[in-house]
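Since this is a predicted model, take the numbers as computed values, not measurements. Letters A, B, ... are given to chains in the order of the sequence lines, protein chains preceding strands, and every chain is numbered from 1.
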Amino acid sequence: MTEVLPNNFIRTIIDEDIKTGKHTKIITRFPPEPNGYLHIGHAKAICLNFGLASEFNGECNLRFDDTNPEKESEEYAKSIEEGIKWLGFSWAGDTKHASDYFDKLYQFAEYFIEQDMAYVCDLTPEQMRQYRGDFSTPGKNSPYRDPSDKLFRTKEENLALFRQMKNGDFPDGSKTLRLKIDMSSPNMNLRDPVIYRIKRDHHIRTGNKWCIYPMYDYTHCISDALEGITHSCCSLEFEDHRPLYDWVLDHLLKAGLVPCHPRQIEFSRLELQYTITSKRKLNQLVEMGVVDGWDDPRMPTLLGMRRRGYTPAGIRLFIERCGVSKSPNNVDMTLLEASVREDLEVVAPRIMAVLNPIKVVLTNFSAELTSSREAPFHPQRPELGSRLCTLTKEIYIEADDFQEVPEAGFQRLQPGGEVRLRHSYIIKCEEVIKGPDGKITQLNCSIDHNTLGKNPEGRKVKGVIHWVSCDLSINAEVRLYDRLFTEVTPDKMEGKDFTDFLNPNSLQILNGHIESAGQDFKQCTLQFERLGYFIADIKAQDKIIFNKTVALKDTWRK
RNA sequence: AGGGGAGUCGCCAAGUGGUAAGGCAUCGGAUUUUGAUUCCGACAUUCGCAGGUUCGAUCCCUGCCUCCCCUGCCA
């Protein structure tokens, strides 16, 4: 892992800000709305914000953007906190909430009214849409906005009305508070954006205290400023909102109401090939029963990846390798898999498991003659310990590892051929036994007793296969996963729905035979030698289940 | 149509007036009791297109093309 990680434009900006003395300490923030579970896309934002902060010895806040009680829940908030911790990050101080600033937000709104920069508007959503105009037509001013209008409201009236809004004197949706900016702006966000709406909903933090809630654009910039955020990184779709972010803060800073004016920087979100990250669509998969839930190992959620055996370090490495830019991207799955493997290669204990068994009888097995070897759990890390790989008369090997008529280059077991049993002896296939249907049911092999821990003299046996004792191994359900979709961009197929591209073979369930030592590793991802990485399913109840994390690289099988 | 962004190898991504980093993928080869790991090596005469400026342009200028985002009282 000596690769030089790419620089990115955000790092460059921060470097510059520190060099010029604009900032001596940087503060970032991760601002999720608690309205869903974290997925790989969030992982990028998390790694970026927390990563930057620690890289520059700064801090990163966790702030829930809880301005829309209708969609938010405590369960999501909890899950998000756990996800961040699981990824290996910790936030500065207590968890923060946009709702912590509701009083200030309200107070600043009154300030804007007093300054004649905000007004209460009675336009219905439909009317508001009409007044807003469209991309080629400038909007019309609200009839409540200007002194020349019959319905014009003085700032005293606006203030009184706004207070009544807060006091619950008006029904939901009947009035809004809008900023007075520019209805003819080519930027829609500046056409008198709504900053408060009336909405009676139980809020996860403030309960029923408020019946008016501030909008994102108004809330986010102020929250950033109040927390002293220096760099506010968000995704590209907020680029158009930056003028509004700056408009609000410029006025508030001038009035001395906020301590600083953070800089919003936009970067492109992460897209992964063959997957979707839209909350709505992911939810659809759950609802349709296509997956087991939000934590299904095939889901690109943190919960899913965790259950699948992806490690935080692997995910972090992946995100780092993806880089940060403003260009549209659709990252190759193999980059994620390579990153996860790279971490697992170093940390995962190895055991043996046979997934598609074929029975092998060792004809010359003898309790006096035949012994077993101590095998380390990791070839390069003896400190991880070892176990005895006990050979017995009957073993299972992988059906794949035997070919009656071997293809060119095949270096595993074949009639009359020799192969090494991993951590054990070299055996030779003496006889192939078939059932009435012609299918191979058993292989009779002989052990070369002079090959335990040493190579035979006078010949080279290249193949090494894994095996498991019939008696000593344990049975386990093994779940193999493949990508959920058959298209690189299931989301973006012209005239088609993403559900048209579901991969019918994304889950395969097998009955495997696992070396018994596999039971001792409940929490960590293991390597089943020559097969891949697997992890005991955290949700398994009365049986042993292993989830396949990712296969080992295989330069033989295509 | 107006506004805001983006286009550098199959996928990401640095670079930025001096002649194209790196990772993944791919393909060779060495070592190997995991066809894994590790190790070596190959892999953009070219930076969306067309002009222009310059001794010299992926970087500057002009025009064009393509893709993404924006008309929630969502975030």
Just call it for [X]: base, sugar-phosphate, or nothing, with non-hydrogen atoms closer than 4.0 Å on any strand.
X	value
A:Glu239	sugar-phosphate
A:Glu266	nothing
A:Gly453	base
A:Gly532	nothing
A:Arg350	base
A:Leu272	nothing
A:Arg269	nothing
A:Tyr131	nothing
A:Ser424	base
A:Val461	nothing

Below the 4.0 Å mark, does [N] have OP1 or OP2 next to a side-chain nitrogen or oxygen of [X]?
X	N	result
A:Arg530	B:rG35	yes
A:Ser339	B:rG23	no
A:Ser325	B:rA13	yes
A:Lys462	B:rG35	no

(request) Please determine which of A:Leu355, A:Val354, A:Leu552 meets the side chain to side chain contact (heavy atoms under 4.5 Å, CB included) test together with A:Leu531. (result)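 Single pass found, and it is A:Leu355.
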(request) Test A:Pro193 against every option in A:Val248, A:Asp217, A:Ile181, A:Thr176 by the side chain to side chain contact (heavy atoms under 4.5 Å, CB included) rule and name the one that passes. (result)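 Output: one option passes, namely A:Ile181.
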Please confirm whether any donor atom in the side chain of [X] sits under 3.5 Å from an acceptor in the base of [N], or the reverse.
X	N	result
A:Gln380	B:rU38	no
A:Arg420	B:rU33	yes
A:Arg321	B:rG22	no

How far, in whole Å, is [M] from [N] if one measures between their [atom1] atoms?
N	M	atom1	answer
B:rA20	B:rC68	P	33 Å
B:rA57	B:rC69	P	36 Å
B:rC65	B:rG51	C1'	14 Å
B:rU71	B:rA14	C1'	38 Å
B:rA21	B:rA44	C1'	13 Å
B:rG10	B:rC43	P	15 Å
B:rG28	B:rG5	C1'	42 Å
B:rU19	B:rG4	C1'	34 Å

(message) Which is more 5' along RNA chain B, the nucleotide nearest A:Thr12 or the one nearest A:Ser136? Just name the residue.
(response)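 On the 5' side of the pair lies A:Ser136.
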(message) With a 4.0 Å cut-off on N to O distance, would you call A:Arg381 and A:Glu345 a salt bridge?
(response)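 No, no charged N to carboxylate O under 4.0 Å.
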(message) Check A:Lys326 with A:Glu239, please: is the shortest side-chain N to carboxylate O separation under 4.0 Å?
(response)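 Yes, charged N to carboxylate O under 4.0 Å.
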(message) Does B:rG10 count as syn, meaning its glycosidic angle lies within 90° of 0, or as anti?
(response)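 In terms of base orientation relative to the sugar, B:rG10 is anti.
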Taking the six-membered ring for Trp and the full ring for Phe, Tyr or His, determine whether the centres of [X] and [Y] are under 6.0 Å apart.
X	Y	value
A:Phe528	A:Phe546	yes
A:Trp467	A:Phe402	no
A:Tyr216	A:His220	yes
A:Phe521	A:Phe377	yes
A:Phe162	A:Tyr196	yes

(message) Taking Watson-Crick (N1-N3 plus N6-O4 or O6-N4) and G-U wobble (N1-O2, O6-N3), each under 3.5 Å, can you produce the dot-bracket string of RNA chain B? Use [ ] for crossing pairs and | for inter-strand ones.
(response) .(((((((.[[[..)..(...]]].(((((.......))))).....[[[[[..)....]]]]])))))).....
(request) Give me the one residue out of A:Arg132, A:Lys140, A:Arg145 that meets salt bridge (Lys or Arg N to Asp or Glu O under 4.0 Å) with A:Asp192. (result)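 Single pass found, and it is A:Arg145.
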(message) Side chain of A:Leu552 only, heavy atoms from C-beta on: which candidate in B:rA13, B:rA6, B:rU34 is closest?
(response)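 Nearest to the side chain of A:Leu552 among the choices is B:rU34.
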(request) Tell me which nucleotide among B:rU33, B:rU37, B:rG5 gets nearest to the side chain of A:Lys326. (result)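 Shortest atom-to-atom distance from the side chain points to B:rG5.
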(request) Check whether NZ of the Lys or CZ of the Arg A:Lys199 lies under 6.0 Å from the centre of the six-membered ring of A:Tyr213 and within 45 degrees of that ring's axis. (result)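 A:Lys199 over A:Tyr213 ring: no.
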(request) Encode nucleotides 64-75 of chain B as B, S and - characters from 5' to 3', where the letter depends on protein heavy atoms closer than 4.0 Å: B to the base, S only to sugar-phosphate, - to neither. (result) -----BBBSBBB
